[in-house]
2 protein chains.
Amino acid sequence: MKLSEGVEWGVHCGVLLATLPAGSTLSGAALAEFHGVSESYLVKHLQALVRAGILESVPGPKGGFRLARPPEQVTVLEVIEAIEDPEPAFRCTEIRQRGPAALEPSAYRLPCVVHATMLRADAAWRAALRAQTLADIAATVADRADPRGMQQAQPWLEDNVRR
Amino acid sequence: MKLSEGVEWGVHCGVLLATLPAGSTLSGAALAEFHGVSESYLVKHLQALVRAGILESVPGPKGGFRLARPPEQVTVLEVIEAIEDPEPAFRCTEIRQRGPAALEPSAYRLPCVVHATMLRADAAWRAALRAQTLADIAATVADRADPRGMQQAQPWLEDNVRR
DNA sequence: GGAGTGATACTCGGATATCTGGTGTCCGAGTTTTCGCGG
DNA sequence: CCGCGAAAACTCGGACACCAGATATCCGAGTATCACTCC
């Protein structure tokens with residue numbers, strides 16, 4: 001089990017946009033350059049975020065992507081579910097209903113215990129991710145990370161940020 | 001992101017073995033028949049459980065697989081980590097160190113905040129699965145499931161269980 | 001000088017190849033059983 | 001009747017094809033911009 005690499009890219013893009021003034025827009029090419037990743041492939045994931053209502057896309061020259069909501073209202077879980085498959089990682093194929101111990105289907109009204117256990121763990125995972133917003137991460141980065149990073153990025157941002 | 005189907009098979013096999021008297025052995029073919037899955041592929045996963053010290057394999061005729069420890073001492077997480085990749089689902093590629101804002105590597109002593117967030121969620125997931133043992137699940141099944149299931153499986157078990 | 005207008009250039013968006021990892025299967029090595037034989 | 005031994009059959013174990021989803025890329029549709037022209 002492994003998460004798509006696009007998740008990492010999407011979250012980092014969200015965090016970067018969250019650190020900028022509200023309404024700031026960056027083109028897909030700029031976002032790709034800032035993170036050092038493939039532009040075409042990154043845009044594919046950003047489109048998924050637009051479909052999910054997390055980002056807004058602005059067409060035409062001076063266009064790009066920006067947050068559709070204040071970063072305090074965007075959870076990390078939303079970003080992940082927009083890029084990855086939103087359904088639980090564990091898929092119960094109801095193997096308990098097969099084999100020599102099988103009964104009629106109506107005997108399996110109660111959920112599979114194994115399934116329920118996996119679902120509980122999945123819920124805990126999602127709860128932890130729902131508790132963190134893009135604003136939280138941006139604030140922590142601003143607090144803990146080396147301030148020279150953003151300082152060094154300043155001229156590049158002034159060249160690329162649009163609003 | 002999706003879990004391997006072998007996880008479901010492995011956990012169900014562990015639970016079935018946990019419901020039997022201690023030391024009971026079932027052949028790979030029997031376990032496959034009971035759950036209605038491919039024998040060859042199931043055995044592949046059972047071998048991983050043997051390598052992890054969860055199951056013991058007995059060679060030769062009258063051989064098979066049995067639990068290597070009391071089911072109270074086998075957590076669901078162990079079974080999953082034996083079959084799936086035991087490392088966290090999220091892989092941080094340190095994209096924060098790339099692009100125009102990049103500093104020298106020594107500036108990134110503190111962990112990536114996005115990475116830390118994902119790791120916390122992963123830890124919550126694992127904690128939930130570590131809290132459940134095969135004995136817990138077996139007990140819940142015995143308590144909640146339709147008793148006719150095991151009743152109907154009884155003759156088949158007597159034909160296939162070895163010790 | 002200002003407004004309108006058309007061409008333009010840049011953007012997003014989805015349809016299209018490639019590749020790694022999960023899925024499924026097969027045959028070989030090893031061991032216990034079991035049947036036959038001898039004592 | 002009992003012990004021994006060799007063949008056999010059944011088991012696990014790892015090596016070999018196949019397929020789906022993620023990865024990576026390209027070209028086309030759409031729009032705000034900008035320059036030019038006309039009033």
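What you are looking at is a predicted structure, and each value in this text was computed from that prediction instead of being measured. Convention: sequence-line order gives letters A, B, ...; per-chain numbering from 1.
Taking a 6.0 Å sphere around CZ of A/Arg144, one finds it holds 12 or fewer heavy atoms contributed by other residues, nucleotides or ligands. At most 12 non-hydrogen atoms from other residues, nucleotides or ligands lie less than 6.0 angstrom from CZ of A/Arg163.
Of the residues in residues 28-54 of chain B, those placing a heavy atom less than 4.0 Å from an atom of DNA chain D are B/Gly28, B/Gln47, B/Arg51, in numerical order. Using a 4.0 Å cut-off on heavy atoms, none of the residues of residues 7-21 of chain A approach DNA chain C.
A/Asp143 and A/Thr140 share no donor-acceptor pair across their side chains, judged by distance under 3.5 Å alone. With hydrogens and angles left out, the side-chain atoms of B/Gln151 and B/Gln154 include no donor and acceptor closer than 3.5 Å.
Between A/Leu3 atom CG and C/dG22 atom P the separation is 14 Å, expressed in whole Å. Atom CZ in A/Arg162 sits about 8 Å away from atom C1' in C/dT11, given to the nearest Å. One interatomic measurement links the two molecules: CG of A/Asp85 to C1' of D/dA20, which rounds to 13 Å at whole-angstrom precision. The distance between atom CD of A/Glu56 and atom P of C/dT11, rounded to the nearest whole Å, is 18 Å. Across the protein-nucleic acid pair, A/Phe65 atom CZ and C/dC10 atom C1' stand 13 Å apart, rounded to whole Å. Between the P atom of D/dT11 and the CG atom of B/Leu26 lies a distance of 12 Å, rounded to the nearest Å. Rounded to whole Å, the distance from CD1 on A/Ile83 to P on D/dA22 is 12 Å. Atom CZ of A/Phe90 and atom P of C/dG22 are 17 Å apart (whole Å).
In this structure, A/Glu33 does not pair ionically with B/Arg98, as no charged nitrogen and carboxylate oxygen lie closer than 4.0 Å. For the pair A/Glu81 and A/Arg126, the salt-bridge criterion is met [side-chain N within less than 4.0 Å of a carboxylate O]. By the 4.0 Å N-to-carboxylate-O rule, B/Glu78 lies close enough to B/Arg69 to be salt-bridged with it.
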Under 4.0 Å protein heavy-atom contact, by nucleotide of nucleotides 30-36 of chain C - B base, S sugar-phosphate only: BBB----

What side-chain donor-acceptor pairs closer than 3.5 Å can you find for residues 35-44 of chain B, not counting sequence neighbours?
residue: B/His35; atom: ND1; partner: B/Leu31; partner atom: O; Å: 3.0
residue: B/Ser38; atom: OG; partner: B/Tyr41; partner atom: N; Å: 3.3

Which pairs would a plain distance check flag for residues 13-27 of chain A, meaning a side-chain donor or acceptor within less than 3.5 Å of a matching protein atom at least two apart in sequence or in another chain?
residue: A/Thr19; atom: OG1; partner: A/Leu16; partner atom: O; Å: 2.6
residue: A/Ser24; atom: OG; partner: A/Pro21; partner atom: O; Å: 2.6
residue: A/Thr25; atom: OG1; partner: A/Gly23; partner atom: O; Å: 3.4
residue: A/Ser27; atom: OG; partner: A/Ala30; partner atom: N; Å: 3.1

Intermediate values then yes/no, side-chain hydrogen bond (donor to acceptor under 3.5 Å, both in side chains), A/Glu8 and B/Thr93: CA-CA 8 Å; A/Glu8 183 183 12; B/Thr93 60; 2.8 Å; yes

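Cluster partners of A/Leu103 are A/Tyr108, counting Ile, Leu, Val, Met, Phe, Trp and Tyr whose side-chain heavy atoms approach within less than 4.5 Å, directly or via other members.
OP1 or OP2 of D/dT11 has not a single side-chain nitrogen or oxygen of B/Ser57 nearer than 4.0 Å. Under 4.0 angstrom from either OP1 or OP2 of C/dC10 there lies no side-chain N or O belonging to A/Ser27.
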